[in-house]
Amino acid sequence: MAHFGLFDPKALGLAQLAHALCILGYPDRALAAAQDAIEHAHALGDALNLTNVMYSGGVTLLLRRDYDAAHRHAERMLALAGEHGLPAYAGLAAEHHGMALVGLGVLDEGLTALRKGLKCRTGRQAWRLTFGLGMLARALLASGKLEEAEATLSEALAVAERTGDAHFTSELWRLQSELLLRRGGGDALADEDLLTRAIKLAREQSAKIWELCAATSLARLWTQQGRRAEAHDLLAPIYGWFTEGFDTADLTDAKALLDELA
């Protein structure tokens, strides 16, 4: 059992494995690893370990865009953190609660919870801050708050540059391209450049989930420009690489676009 703030290596390893597997393109195996981490932490009987792996489990659910499950998970984590006096994890749970609500279309309440959670962070909680800021930018885009979304994306990219945490940078560039589209009348070449950069970085990182997201966005842009064959040829091999997770939102979005292009 872990004591004095030290984490059990198996629980921590399984939790980190879940996060990595999801980004690498194995969302079903990621979900299984996250559940194994939670079951192991339960067996330890240690609230800190359990809350920590629940945070990583929540990240996995959010990466899968399973917002119903992420919402329920965040509520359980929030209750656990409150029961055991873990305010840092209560803040992280509030972040996840807000992200899930935004994904479910409850925009105002979700934004409030997400902002509250981010305000609870301290210097020691800079890990995965780019993820939190990126998800806030997603929420702001969904709410039509474009100026705030732009500022948040700039902050997230600055954090990534300062800390070297580039695991979310591809998605941040994709969100910047979405911002350009939302504004209308933007530079199509700049939008395409952002998405091409996002795909290139994702490939360098073997981050298949971000490669798929960026490729879907670029294929959609090319489709709007009448470049349907190019769009299909870009997206089809990336989608074809996947062997699991076909019920997840990113894969169903890509498949729907491919069907349209067939």
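Leu180 CG to Leu189 CG: the interatomic distance, rounded to the nearest 0.5 Å, is 11.5 Å. One finds the CG atom of Asp36 at 6.0 Å from the CG atom of Leu14 (value rounded to the nearest 0.5 Å). Taken from CG in Asp191 to CG in Leu218, the straight-line distance is 8.5 Å, to the nearest 0.5 Å. Rounded to the nearest 0.5 Å, atoms OG1 (Thr216) and CG (Leu212) are 4.0 Å apart. Rounded to the nearest 0.5 angstrom, Asp250 CG and Ile209 CD1 are separated by 4.0 Å. To the nearest 0.5 angstrom, Leu50 atom CG is 9.0 Å from Leu44 atom CG.
No donor-acceptor distance shorter than 3.5 angstrom exists from the side chain of His97 to the backbone of His71, with no hydrogens or angles considered. Looking only at distances, no side-chain donor or acceptor of Ser56 sits under 3.5 Å from a matching main-chain atom of Val53. When atom types are taken as modelled, the side chain of Arg228 and the backbone of Glu260 share a donor-acceptor pair closer than 3.5 angstrom. Between the side chain of Ser170 and the backbone N or O of Ala198 there is at least one donor-acceptor pair closer than 3.5 Å. Judged by distance alone, with hydrogens and angles left aside, the side-chain atoms of Gln205 form a donor-acceptor pair with the main-chain N or O of Ala166 at under 3.5 Å. A donor-acceptor distance shorter than 3.5 angstrom exists from the side chain of Glu244 to the backbone of Arg29, with no hydrogens or angles considered.
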Walk me through it: do Leu21 and Leu31 pass the test side chain to side chain contact (heavy atoms under 4.5 Å, CB included)? CA-CA 9 Å; Leu21 283 170; Leu31 195 61; over 6 Å; no
Show the numbers, then the answer: is there a side chain to side chain contact (heavy atoms under 4.5 Å, CB included) between Tyr239 and Leu251? CA-CA 7 Å; Tyr239 178 83; Leu251 282 156; 3.7 Å; yes
Is there a side chain to side chain contact (heavy atoms under 4.5 Å, CB included) between Gln176 and Leu172? Walk through the geometry before answering. CA-CA 6 Å; Gln176 281 190 319; Leu172 294 175; 5.9 Å; no
Stepwise side chain to side chain contact (heavy atoms under 4.5 Å, CB included) check, Gln16 with Leu12: CA-CA 6 Å; Gln16 294 301 315; Leu12 186 60; 4.2 Å; yes
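Of all heavy-atom pairs spanning Cys22 and Leu63, the tightest one is SG-CB, 3.6 Å. Nearest approach of Thr152 to Ala137, heavy atoms of both residues: CG2-N, 3.9 Å. Shown here for Thr169 and Ala160, the closest heavy-atom pair between the two residues is OG1-CB, 3.8 Å. The two residues Glu95 and Leu114 have their closest heavy-atom pair at O-CD1, 3.6 Å. The nearest pair of heavy atoms linking Ser143 to Leu107 is OG-CB, 3.7 Å. Taking every heavy atom of both residues into account, Leu234 and Ile238 meet most closely at O-CD1, 3.5 Å.
Classified by interplanar angle (parallel below 30°, tilted 30° to 60°, perpendicular above 60°), the ring pair Tyr55/His96 is parallel.
The hydrophobic clustering, which links ILVMFWY residues whose side-chain heavy atoms are closer than 4.5 Å, places Ile23 and Leu62 together. Hydrophobic clustering (side-chain heavy atoms under 4.5 Å, transitive across Ile, Leu, Val, Met, Phe, Trp, Tyr) groups Leu24 together with Phe246. With hydrophobic clusters built from ILVMFWY side chains whose heavy atoms lie under 4.5 angstrom apart, Leu61 does not share a cluster with Met54. A single hydrophobic cluster is not seen to contain both Leu78 and Leu104; linkage of ILVMFWY side chains at heavy-atom distances under 4.5 Å, directly or through other members, places them apart. When the side chains of ILVMFWY residues are joined at heavy-atom separations under 4.5 Å, either directly or via intervening members, Leu157 and Leu175 end up in a single hydrophobic cluster.
At most 12 heavy atoms of other shown residues, nucleotides or ligands fall within 6.0 angstrom of atom CD in Glu109. For Glu161, the CD atom is loosely surrounded, since the number of other residues' heavy atoms within 6.0 Å does not exceed 12.
Note on Arg227 versus Glu192: salt bridge recorded, some NZ/NE/NH1/NH2 to OD/OE distance being below 4.0 Å. Between Arg162 and Glu155 no salt bridge is recorded (no basic side-chain N to carboxylate O distance below 4.0 Å). Salt-bridge annotation for Lys255 and Asp259: present, with a side-chain N of the basic residue lying under 4.0 Å from a carboxylate O of the acidic one. By the 4.0 Å N-to-carboxylate-O rule, Asp253 lies close enough to Arg65 to be salt-bridged with it. A salt bridge links Asp28 and Arg64; the closest N-O separation between the charged side-chain nitrogens and carboxylate oxygens is under 4.0 Å.
Side chains of Thr130 and Asp165: a donor on one and an acceptor on the other come within 3.5 Å. Donor-acceptor pairing under 3.5 Å is recorded for the side chains of Arg174 and Ser217.
Between Phe131 and Trp210, the ring center distance fails the sub-6.0 Å criterion.
In terms of the side-chain hydrogen bond (donor to acceptor under 3.5 Å, both in side chains) criterion, residue partners of Arg138 (sequence neighbours excluded) are, by chain and number, Glu171.
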